[in-house]
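Note that the coordinates shown come from a computational prediction; the quantities given were computed from them, not determined experimentally. Convention: sequence-line order gives letters A, B, ...; per-chain numbering from 1.
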4 protein chains.
Amino acid sequence: MFEVIVLRTKELILHTAVTLFNEQGTGKVSTNHIATSAQMSPGNLYYHFKNKEEIIRAILDQMYAKWHPIWSLPDDIQVTLEDLRSRLLLNFEILWEYRFFYREAIALLQADAELKQKHQQMMESRMLDQEAFIGRFVQSGVLQFNHGVDNHRQLFTAGWIVATNWLGFLEMNGVTVDSARLQEGLELILSIIKPYIAIHAGEGNSYDHIEKKLSED
Amino acid sequence: MFEVIVLRTKELILHTAVTLFNEQGTGKVSTNHIATSAQMSPGNLYYHFKNKEEIIRAILDQMYAKWHPIWSLPDDIQVTLEDLRSRLLLNFEILWEYRFFYREAIALLQADAELKQKHQQMMESRMLDQEAFIGRFVQSGVLQFNHGVDNHRQLFTAGWIVATNWLGFLEMNGVTVDSARLQEGLELILSIIKPYIAIHAGEGNSYDHIEKKLSED
Amino acid sequence: MFEVIVLRTKELILHTAVTLFNEQGTGKVSTNHIATSAQMSPGNLYYHFKNKEEIIRAILDQMYAKWHPIWSLPDDIQVTLEDLRSRLLLNFEILWEYRFFYREAIALLQADAELKQKHQQMMESRMLDQEAFIGRFVQSGVLQFNHGVDNHRQLFTAGWIVATNWLGFLEMNGVTVDSARLQEGLELILSIIKPYIAIHAGEGNSYDHIEKKLSED
Amino acid sequence: MFEVIVLRTKELILHTAVTLFNEQGTGKVSTNHIATSAQMSPGNLYYHFKNKEEIIRAILDQMYAKWHPIWSLPDDIQVTLEDLRSRLLLNFEILWEYRFFYREAIALLQADAELKQKHQQMMESRMLDQEAFIGRFVQSGVLQFNHGVDNHRQLFTAGWIVATNWLGFLEMNGVTVDSARLQEGLELILSIIKPYIAIHAGEGNSYDHIEKKLSED
DNA sequence: TATGAATGAGAATTCATTCAT
DNA sequence: GATGAATGAATTCTCATTCAT
């Protein structure tokens with residue numbers, strides 16, 4: 001019961017901070033703003049977190065924890081394009097939930113060396129997870145590359161960059177983000193790999209059935 | 001001569017500000033820092049610029065001015081893949097020169113409605129310029145799309161996002177940016193459109209000559 | 001058994017506080033630091049002491065209690081220079097044990113009128129004790145003063161000041177305090193009264209035997 | 001004229017700080033208190049001094065500057081006991097003017113390594129000055145020591161400690177400091193060296209004339 | 001006795017900006 | 001055009017202390 005209160009306060013602070021950071025950016029949101037918004041004294045906020053940096057770190061820890069389960073799937077399951085779609089959508093959700101970070105990531109990482117190191121570690125393991133995920137498509141024949149000609153490493157990187165920055169792209173253009181926009185980003189990423197999606201025998205040289213597959217919700 | 005001095009001071013301020021913003025971010029760089037670094041009094045800085053926002057706006061005006069000539073080419077010239085490469089490199093150079101902005105763009109635009117509007121206008125016209133540029137490839141047959149099947153709008157958007165965020169991607173991963181990295185980003189973008197680059201008759205079904213073309217420096 | 005625990009906690013707090021005060025000064029040591037260092041909650045600390053002032057008062061009470069037995073000797077005992085030496089050494093030990101107080105005494109007394117009054121009372125009675133102690137030397141003929149010429153009151157005050165401030169003098173000069181230094185301070189005090197130490201008949205006009213006496217450990 | 005204003009503000013800050021520090025101690029006096037008391041904004045105080053430490057350093061620099069001329073006399077002048085008296089009085093005045101420092105010296109030096117180093121340097125050169133000053137008495141025969149028996153080094157150190165701590169001794173005992181008290185401290189110091197003041201031939205074995213000399217104002 | 005979350009005043013410091021010269 | 005002293009609100013963070021449990 002004691003524990004519950006602790007968690008509540010800590011989580012209340014983190015939740016409030018994320019909301020304000022997303023709304024106004026970390027620079028404009030002071031620790032006093034967070035405390036006031038969470039209806040507590042500044043002293044209490046500092047009782048739970050040593051400083052602003054630590055709040056940001058704790059937020060990112062929350063975020064990191066949400067990523068791993070998305071891209072790491074049991075080995076014995078056959079992944080489909082539908083799996084890719086659903087993972088990308090979950091990915092977008094996290095990116096949106098913590099969008100303040102992606103808007104200021106370089107500055108934030110520059111200001112906190114410890115965070116930078118941790119972040120790069122997390123990114124590395126996330127990339128490995130995602131590459132392994134993609135690797136399954138190649139193995140299962142859903143994706144086909146001409147060895148020595150097609151660089152699937154490049155396509156993967158391009159897809160990664162688009163996935164990470166799609167929401168920011170919308171925001172910079174003043175576009176309101178909604179689920180339709182997330183779908184749009186998803187199609188965008190799939191459009192990069194579309195030429196490499198295998199055409200099953202007997203289906204002719206038409207992309208139609210894939211088109212159908214890609215645009216299903 | 002009078003004018004010249006005015007311009008010099010203004011430009012000195014802008015140049016100093018860009019350098020410091022790139023190094024430390026707009027949040028950490030105060031107007032007094034800029035003045036000190038430019039070896040002038042804060043009063044003088046404020047004589048030339050109404051406030052910090054106006055400095056940032058002036059910097060972005062400089063940046064906007066550099067973009068237009070890159071993507072707007074005379075109509076009668078036949079564009080080649082080599083032209084695309086060189087334009088993209090020039091693009092990267094601008095992105096690098098004003099990288100502070102791309103690192104904090106959303107926050108900066110959120111904080112300054114006037115700037116936001118201007119920026120979106122600039123982006124729109126830049127997109128039109130670039131789309132027109134790409135359009136020429138399609139017209140000239142260098143790029144081939146299956147109407148109704150391939151969405152070249154999507155590919156263009158994906159390419160744009162990758163182009164705009166490639167440097168940030170490197171920075172976030174702690175990679176030092178140099179000309180080799182710019183090349184790498186360039187190949188990345190080209191890899192997206194590679195499947196749509198036309199194979200000239202008589203050249204067989206090999207991608208070899210394109211490979212050669214893409215990897216030329 | 002109940003009582004024992006109370007005493008233990010109280011004494012643990014006092015002991016911890018003295019250690020931290022000596023290390024960092026009363027200003028830098030918060031009640032929370034004391035509680036953390038003593039491995040208890042701040043609430044518990046405040047259960048035992050009303051506030052920080054009261055902790056300091058209790059510490060000084062401990063100190064005062066240690067002084068009385070040093071300088072008050074049974075009347076029927078003949079005091080020697082050796083007694084003076086040993087008392088001064090014990091004196092130094094107390095001064096060192098509670099050195100934080102002597103470093104900040106004036107500020108501490110100024111901030112707490114009650115403490116100030118108590119302290120001055122204690123000092124007065126200590127001075128009386130010490131003067132009585134010295135008086136015995138005069139009575140016993142070990143010290144000889146020319147009445148009306150030599151002001152032994154002054155010599156006593158000078159000795160007192162040197163005794164009280166010798167450790168601070170070392171600290172201010174960055175000298176590490178060890179037992180050799182305590183000896184040194186002791187000799188310093190004795191050097192003030194050396195001219196008044198009586199030369200026994202038959203010992204010539206040499207100071208040699210006194211020299212020997214003074215430098216014995 | 002510009003310079004004058006600068007000096008005035010800086011000196012106003014230092015003067016106000018010394019006054020408040022002497023009254024309440026450095027711990028209780030915040031930079032905001034100083035600014036308010038000096039009738040300026042906190043910002044302006046920080047325009048002139050980087051931080052509180054720097055204010056304290058500047059104050060001590062003022063103090064150090066006042067010491068040197070006191071104890072360094074031209075070589076060709078014959079120093080008298082009267083010179084010693086007047087120097088000691090000037091010394092007391094400085095100690096009184098900056099008494100806050102002597103009350104908290106160890107804590108202040110511990111908190112600022114740079115200050116500590118400078119202070120110890122200053123103390124060393126001050127000791128040399130003073131020792132040289134005393135040396136003249138020995139040379140001129142005013143003071144006589146039995147070599148190998150009397151340790152005049154010790155007497156000097158004792159005198160130094162008494163001189164430095166006389167005012168603190170008064171304060172701790174709740175005694176108001178006035179010029180009579182300064183005289184008293186002076187006599188105290190002289191009482192230590194009295195046995196070594198030479199008796200001129202023909203003046204008998206009485207200390208009377210010296211007594212007269214020592215107690216003159 | 002003891003815990004530990006919570007308070008809120010206040011400390012040091014920064015910064016965009018103004019203004020008299 | 002240029003200087004630099006001055007402002008005052010805001011920011012981060014600390015700390016003695018309280019109180020429900």
Task: Nucleotide dA6(F), atom P - distance to CZ of Arg8(D) in whole Å - done: 12 Å

Open item on the list: Without decimals, in angstroms, what is the distance between Lys28(D) NZ and dC15(F) C1'?
Closed with: 13 Å

Task: Under 4.0 angstrom between His48(B) side-chain N/O and dA2(F) OP1 or OP2 - done: yes

TODO: Please report, rounded to the nearest Å, how far the P atom of dG4(E) is from the NZ atom of Lys10(A).
DONE: 14 Å

Task: Gap between atoms CG and C1', on Leu12(D) and dA5(F) respectively (whole Å) - done: 14 Å

TODO: Check whether any side-chain heavy atom of Phe49(D) lies under 4.5 Å from a side-chain heavy atom of Leu14(D), and answer yes or no.
DONE: yes

Open item on the list: Measuring to OP1 and OP2 of dT7(E), would you say a side-chain N or O of Asn44(A) lies under 4.0 angstrom away?
Closed with: yes

Task: Aromatic centroids of His33(A) and Phe21(A) separated by under 6.0 Å - done: no

TODO: Starting at atom CD of Gln39(D), determine the distance to atom C1' of dG8(F), rounded to an integer number of angstrom.
DONE: 16 Å

Task: G-U wobble or Watson-Crick pairing nucleotide for dG4(F) (cut-off 3.5 Å, both distances) - done: dC19(E)

Open item on the list: Regarding Glu171(D) and Arg103(D), does a basic nitrogen lie under 4.0 Å from an acidic carboxylate oxygen?
Closed with: yes

Open item on the list: Does Lys66(D) form a side-chain hydrogen bond (donor to acceptor under 3.5 Å, both in side chains) with Tyr98(D)? I'd like the steps, not just the answer.
Closed with: CA-CA 11 Å; Lys66(D) 291 187 181 177; Tyr98(D) 300 98; 3.3 Å; yes

TODO: For side chain to side chain contact (heavy atoms under 4.5 Å, CB included), just list the numbers for His48(B) and Lys10(B), CA-CA rounded to whole Å, side-chain angles, deciding distance to a tenth of an Å, and then say yes or no.
DONE: CA-CA 6 Å; His48(B) 290 283; Lys10(B) 279 203 144 182; 3.7 Å; yes

Task: Distance below 4.0 Å between Thr9(B) side-chain N/O and dG1(F) OP1 or OP2 - done: no

Open item on the list: In this structure, how many angstroms lie between the P atom of dT18(E) and the OH atom of Tyr47(D), rounded?
Closed with: 17 Å

Task: Rounded interatomic separation in angstrom, taking CD1 from Ile55(C) and P from dC15(F) - done: 14 Å

At a cut-off of 3.5 Å, list every protein nitrogen or oxygen paired with a nitrogen or oxygen from nucleotides 12-14 of chain F, distance to 0.1 Å.
from    : atom 1 : to       : atom 2 : distance (Å)
dT12(F) : OP1    : Lys52(A) : NZ     : 3.2
dT12(F) : OP2    : Thr31(A) : N      : 2.9
dT12(F) : OP2    : Thr31(A) : OG1    : 3.2
dC13(F) : OP2    : Tyr46(A) : OH     : 2.9
dC13(F) : OP2    : Lys52(A) : N      : 3.4

Task: Close side-chain approach of Leu115(D) to Glu53(D), heavy-atom, < 4.5 Å - done: no

Open item on the list: If I take atom CZ in residue Phe49(B) and atom C1' in nucleotide dC15(E), what distance separates them, rounded to the nearest angstrom?
Closed with: 19 Å

Open item on the list: Would you say that Gln120(A) contacts Lys116(A) through its side chain, given a criterion of any heavy-atom pair below 4.5 Å between the two side chains?
Closed with: yes

Open item on the list: Looking at Ser41(B), I'd like to know whether one of its side-chain N or O atoms comes within less than 4.0 Å of OP1 or OP2 on dG4(F).
Closed with: no

